[in-house]
Every structure is written in C-alpha cells, then in structure tokens.
Amino acid sequence: MTLLHSVLSLVLSWTGLCSVLYIFSTGLVAVVALWTVRLLLRHTWYSHRLSCFSKPQTRSWLLGHLGKMQSTEEGLQQVDDLVQTYKHSCCWFLGPFYHLVRLFHPDYVKPLLMAPASITVKDELIYHHLRPWLGDLLISNGEVWSRKRRLLTPAFHFDILKSYIAVFNSSSKIMHDKWCRLVAEGKTNLEMFDHVSLMTLDSLLKCAFSYDSNCQESPSEYVSAIVELSDLATRRRENILHHWDWIYWKTQQGKRFKQALNTVHRFTRDVVQKRRTFLSQQRETETQLDVALTARRRKDFVDIILLTKDEDGKGLTDEEIQAEANTFMFAGHDTTASAICWTLYNLARHEDYQEKCRQEVMDLMEGRDGQEIECFRCLHDLSNLPFTTMCIKESLRLHSPVPGVTRKYTQDMVLPGNRTVPAGTICLVSIYGTHHNPTVWTNPHEFDPLHFDPSNKKSQASHAFIPFSSGPRNCIGQKFAMAELRVVVALTLLRFRLTPGVNPELGSSSGRVRRLPQIVLRAEGGLWLQLEPLNRVTQKEQSDK
C-alpha cells in the first residue's frame with residue numbers, strides 16, 4: 001500500500017505529470033512520423049509505377065491534382081480536355097492519399113471491366129461512404145459478392161420484369177395527371193427532376209415493397225430521407241477531410257446522415273420482418289388453392305429475395321435483405337430519374353426527333369381505346385419502339401446518369417501499349433469520357449440517335465457504350481431501368497409536347513443548361529421544360545390527313 005501511495009504521489013505530482021505528458025507526446029510524434037514516412041514511401045512507389053501513363057500538370061509533387069476534380073460543368077469540360085489531349089488514359093494523384101488511373105477509351109476500359117469478379121475490388125474512395133446505407137452488395141468482393149449476386153438474379157428475371165410494366169404505367173399516369181392539373185392552373189414551365197424523381201421513387205416502392213407511399217402527392221418521411229442521404233453522400237465525397245469516419249460522424253452533416261439513415265433502415269427493417277412473418281404464416285396455413293393463387297400474385301422484390309435459396313439451401317439474412325432493398329432503392333430511383341429527365345430534355349431540343357418518336361408510339365397504340373391507350377400491355381409493346389429506343393440510348397450516351405465508376409484490382413492489370421496498372425491503384429473508368437471520345441464517336445457532343453442505328457458499326461464497338469457499366473459487376477437492374485425509361489418517355493410524348501423551358505432564377509431559356517455531375521448527372525438550378533397537353537383525337541385526325 002505504501003509503495004502504491006508513493007507511485008501515485010510521483011505520477012500525480014507536477015514533475016510526474018510532465019513526464020507522462022512527455023512520454024505520450026513523444027509516442028504520438030513517433031506514430032505520426034512513421035505514418036507520414038509510410039505515406040510518402042507509398043506515394044513515391046505509386047508515382048514510379050504509374051510513370052508509364054501520361055500525367056497532367058500538377059500543383060506539386062506532393063499535392064498532385066488535389067482540388068482539381070470538380071463536380072461541376074467545368075469538371076466535365078476538364079474531362080473533355082483530358083480526352084482530347086491524352087486520347088485513352090492518364091494518371092491522377094489526390095495528394096499522397098489516392099492514386100488513380102483515369103480511362104476513357106473502350107480498348108483500355110474493356111480489360112478492366114471484364115476482369116473476373118474474384119480479382120475486382122470496389123475501392124473505398126466513393127463506395128466506402130455508402131456502406132452505412134447500402135451494406136455490402138455494392139462494396140463486397142470475391143465469393144461473398146458472387147453468392148449475393150446469384151441470389152439476387154431471379155429478382156430481375158424476364159418474367160418478373162413483365163409484372164412491373166403495370167407499375168410503371170400507373171406511376172407515370174399519376175405524374176402526368178398532376179402535370180395536367182398544373183398546366184390548367186397556368187403552370188406550364190416545370191422543373192423535371194422534382195417530378196420525375198418522385199415518380200421513380202413511387203415506382204420502386206411499389207416494385208420493391210408493394211408499398212403505395214402516395215409520395216407524388218404528399219410528403220413522405222422515408223422519401224425525404226432517401227433524397228437527403230443522396231445529397232449528403234455527394235457532399236461528403238467533395239470534402240476530403242470528411243473521408244475519415246472519425247471526423248465525419250462528428251460534423252453536422254454526419255449527424256444528419258445518421259438521422260436520415262435511421263429513418264430508412266427502420267422502414268426497410270419493418271417491411272422485411274413483416275413480410276417474412278407473413279410468408280412463414282402463409283406456408284403453415286395455405287391450402288392447395290392458396291398455393292395456386294399465391295403463384296399468380298405479383299411478387300415484389302422483397303418477396304423474391306426472401307424466397308430465394310442458394311445451392312446449399314441458404315437464403316439471405318434479414319440484414320442482407322434490408323441492405324439489398326436499400327441498394328435497389330438507391331441505385332434505381334435517382335439514376336433512372338436522371339435518364340428520363342435528360343431524354344425528355346434532348347427530345348425537347350430536337351422537335352423532329354420528338355415527333356418521330358411520338359408517331360411511333362401512336363402507331364403502336366393504333367386500334368386501342370379507353371384506358372388501354374394510357375398504358376403498355378407487355379414487354380412486347382416496348383420492343384416495337386425502335387426509334388424511341390435509339391433516342392433513349394443516345395441520351396444515355398450524351399448525358400450518362402452515372403458519369404464514372406471506380407475499381408481496384410488484387411493483381412497488376414495489363415493494358416494496351418505495354419502499360420500496367422499496379423495492384424491497389426484506383427481505376428476511374430470515365431463513362432462520360434468514353435461516351436464523348438472523338439476517336440470513338442462522330443460528333444460526340446451532338447444528340448444524334450443515328451449513332452444507334454443498327455447499321456452503325458461504331459455504336460456496336462465493344463465497350464464504346466457503357467451507361468450501365470459492363471462485365472461481371474455491371475448494373476444488375478439495367479433491363480428494369482430500360483423498361484421503365486421506355487414506358488415513361490413514350491407515355492409522356494403521347495400526352496405532352498415538350499419544348500425547352502425557362503429557369504425562373506436565371507430568367508433565360510434552359511435550351512443549354514449547366515450539367516451537375518454528382519452521384520448522378522443532374523442540372524444546376526434544375527432542368528426546366530415547357531409542357532403542352534396534347535389532344536389525341538385531334539392529333540390522330542392530323543396524322544390521318
């Protein structure tokens with residue numbers, strides 16, 4: 001006891017306290033010094049290994065291109081300059097922290113996107129920020145990812161997709177009826193992203209959860225949380241200090257992210273648990289007739305992944321299903337909304353293409369009456385819209401909803417020209433750059449649906465057109481997205497004539513807008529179009545003449 005008292009007296013004395021602080025500070029300085037040396041050695045090593053790639057001018061050998069990547073119109077123009085100068089690729093350093101190779105030519109993109117999933121890793125630069133929200137589907141690797149992908153594939157089967165067509169029709173009709181009311185009130189100039197994003201959320205909630213949120217007509221806590229999470233994730237990416245969790249979660253933005261996250265997770269958790277309980281009770285009580293009726297009932301996304309088993313008879317856990325449902329909502333609503341808005345924008349700017357698409361839709365609807373003219377009956381309808389599909393694809397090329405994707409690899413990747421991407425390097429596959437590469441596309445900055453004429457060999461070049469990425473880790477929902485795109489665009493043209501609108505804040509025509517490349521491609525100040533409702537009887541009489 002006397003010895004303990006002596007030790008405590010020494011430690012708690014002024015001299016002892018100074019000694020403790022000295023030891024602690026010396027240790028801290030040593031740790032920081034070691035971390036700094038390791039960081040600089042790593043930076044030097046990557047700089048040497050990436051010397052086979054051209055490097056745009058940097059601020060300094062240490063800061064590199066830190067602060068030069070911009071999520072603005074100027075940022076996209078910067079990519080155009082890189083493509084014009086370097087043709088296929090260049091290296092890029094974000095200080096000593098991140099080392100990237102930026103790629104924008106099909107010959108360089110293809111070997112990376114087609115690499116086996118077993119050696120492909122989602123990097124932490126962007127995807128790490130989404131992990132608290134989406135779980136591990138987008139971010140997981142190797143066999144974990146492969147198993148989940150196999151279990152999710154049935155949810156996007158052709159037969160399942162057919163049942164979603166009616167949902168796309170009904171959600172579109174709600175949006176169009178709302179537009180008609182606004183036009184009747186004299187509000188013909190509308191911002192597209194606000195309306196279309198709610199419509200795609202409405203569709204996904206019905207397809208994923210069989211949940212009618214009425215979000216197009218009234219506020220929804222869940223929908224508001226989804227929108228806020230998307231916005232906060234974008235803003236976090238732009239602040240490099242917020243890339244570290246221990247800093248971010250202490251900021252106001254981090255606290256708002258957690259609040260929105262709780263709302264979203266609570267909603268999906270309740271839906272999944274209630275649905276699992278319902279399916280379990282149903283199996284215990286259903287008769288043979290009930291089995292037949294259940295088989296005919298439209299199954300939503302959660303139903304399908306709850307019932308799917310792997311080769312060992314194991315399914316996904318509730319936590320995994322919640323993560324996949326959240327991913328479906330995140331990846332499906334904002335990207336599809338962006339694609340729809342930019343397609344309508346491009347058709348508004350090209351009246352001749354708009355009229356040709358409209359006539360194609362009217363020809364398909366010929367002979368239908370009543371409510372049938374308001375909707376598509378099946379996927380076969382959509383396959384009979386070749387020119388409209390060409391316009392949609394050209395819009396996906398010109399205004400790709402996702403400007404780029406990133407990958408890392410567990411082994412060195414060999415590219416054309418004896419260039420090698422060392423293992424662990426972030427590969428930024430620029431979808432925007434590839435789609436605007438003048439060595440690949442004729443007049444790449446012009447809207448020309450003939451780029452996708454079946455006779456145009458350039459559009460068929462492998463990996464020249466990659467709006468949904470490519471390879472084993474491509475977008476699993478691309479057929480879902482294309483079906484919704486064609487339904488919404490075709491029905492919109494059937495009911496409205498579109499012309500460029502006016503941004504009220506700028507007081508000028510939005511015929512040319514400033515693009516805003518965030519997680520998805522949006523427009524600064526919104527995307528404004530002028531709507532004119534069409535009288536289909538009059539329209540048909542004119543076409544008969």
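This structure is a prediction, so every number in the text was calculated from the model and none was measured.
With rounding to the nearest 0.5 Å, the separation of CE in M413 from SG in C427 is 7.5 Å. If you take SG on C90 and CG on L82, they are separated by 5.0 Å, rounding to the nearest 0.5 Å. Atom-to-atom distance recorded for Y345:OH and S395:OG is 10.0 Å, nearest 0.5 angstrom.
With W249 as the aromatic partner, K258 meets the cation-pi criteria of under 6.0 angstrom to the ring centre and within 45 degrees of the ring axis. Figure legend: R236 and F257 shown without cation-pi pairing, the cationic atom not lying both under 6.0 angstrom from the six-membered ring centre and within 45 degrees of its axis.
With contacts defined as side-chain heavy-atom distances shorter than 4.5 Å, the pair H99/I426 does not qualify. By the 4.5 Å heavy-atom criterion applied to side chains, Y222 and I226 are counted as neighbours. No side-chain heavy atom of H436 sits under 4.5 Å from any side-chain heavy atom of W441. Contact annotation: the side chain of P96 never approaches that of Y46 to less than 4.5 Å [non-hydrogen atoms, C-beta and beyond]. Within the 4.5 Å cutoff, the side chain of D212 has heavy atoms near those of the D202 side chain. No side-chain heavy atom of H399 sits under 4.5 Å from any side-chain heavy atom of H435. Counting heavy atoms from C-beta outward, T327 and W133 have side chains that stay 4.5 Å or more apart. Contact of the S400 side chain with the L521 side chain is not registered, since no non-hydrogen atoms from C-beta on lie closer than 4.5 Å.
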Show me the donor-acceptor pairs, under 3.5 Å and distance only, between side chains in residues 105-115 and residues at least two apart or in other chains.
{"unit_1": "H105", "atom_1": "ND1", "unit_2": "D107", "atom_2": "N", "d": "3.1"}
{"unit_1": "Y108", "atom_1": "OH", "unit_2": "R419", "atom_2": "NH1", "d": "3.2"}

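Taking the six-membered ring for Trp and the full ring otherwise, F93 and H43 have centroids separated by under 6.0 Å. For F104 and Y432, the ring centers sit 6.0 Å or farther from each other. A distance of 6.0 Å or more separates the ring centres of W92 and F53.
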### Worked check of salt bridge (charged side-chain N to carboxylate O under 4.0 Å, His left out) between R266 and D270
CA-CA 6 Å; R266 184 171 60 249; D270 289 348; 5.5 Å; no
### Task
Quick one: do T58 and K55 satisfy side-chain contact (heavy atoms from CB on, under 4.5 Å)? Show the steps, please.
CA-CA 8 Å; T58 62; K55 181 171 69 173; 4.1 Å; yes
### Query
Please walk me through it: do V83 and T439 pass side-chain contact (heavy atoms from CB on, under 4.5 Å)?
CA-CA 9 Å; V83 173; T439 65; over 6 Å; no
### Task
Go through R49 and T420 one step at a time and tell me if the side-chain contact (heavy atoms from CB on, under 4.5 Å) criterion holds.
CA-CA 8 Å; R49 289 295 309 273; T420 300; 4.0 Å; yes
### Task
Take Y98 and L428, measure what side-chain contact (heavy atoms from CB on, under 4.5 Å) needs, and give me the verdict at the end.
CA-CA 11 Å; Y98 297 110; L428 173 54; over 6 Å; no
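Counted within 6.0 Å of CG on D81, heavy atoms from surrounding residues, nucleotides or ligands total more than 12; the atom is thus considered enclosed. Other residues, nucleotides and ligands place no more than 12 heavy atoms under 6.0 Å from the CD atom of Q84. Residue H48 qualifies as open at atom NE2: its count of foreign heavy atoms under 6.0 Å is 12 or below.
Closest heavy-atom contact between A117 and P472: N-CG, 3.9 Å. Taking all atoms of both residues into account, the shortest heavy-atom contact from G525 to N503 is O-ND2, 3.4 Å. Nearest heavy atoms, L485 versus T343: CD2-OG1, 4.2 Å.
With sequence neighbours excluded, no residue satisfies side chain to side chain donor-acceptor pair (under 3.5 Å) with H333. For V402, the side-chain contact (heavy atoms from CB on, under 4.5 Å) partners are T335, V405, not counting sequence neighbours.
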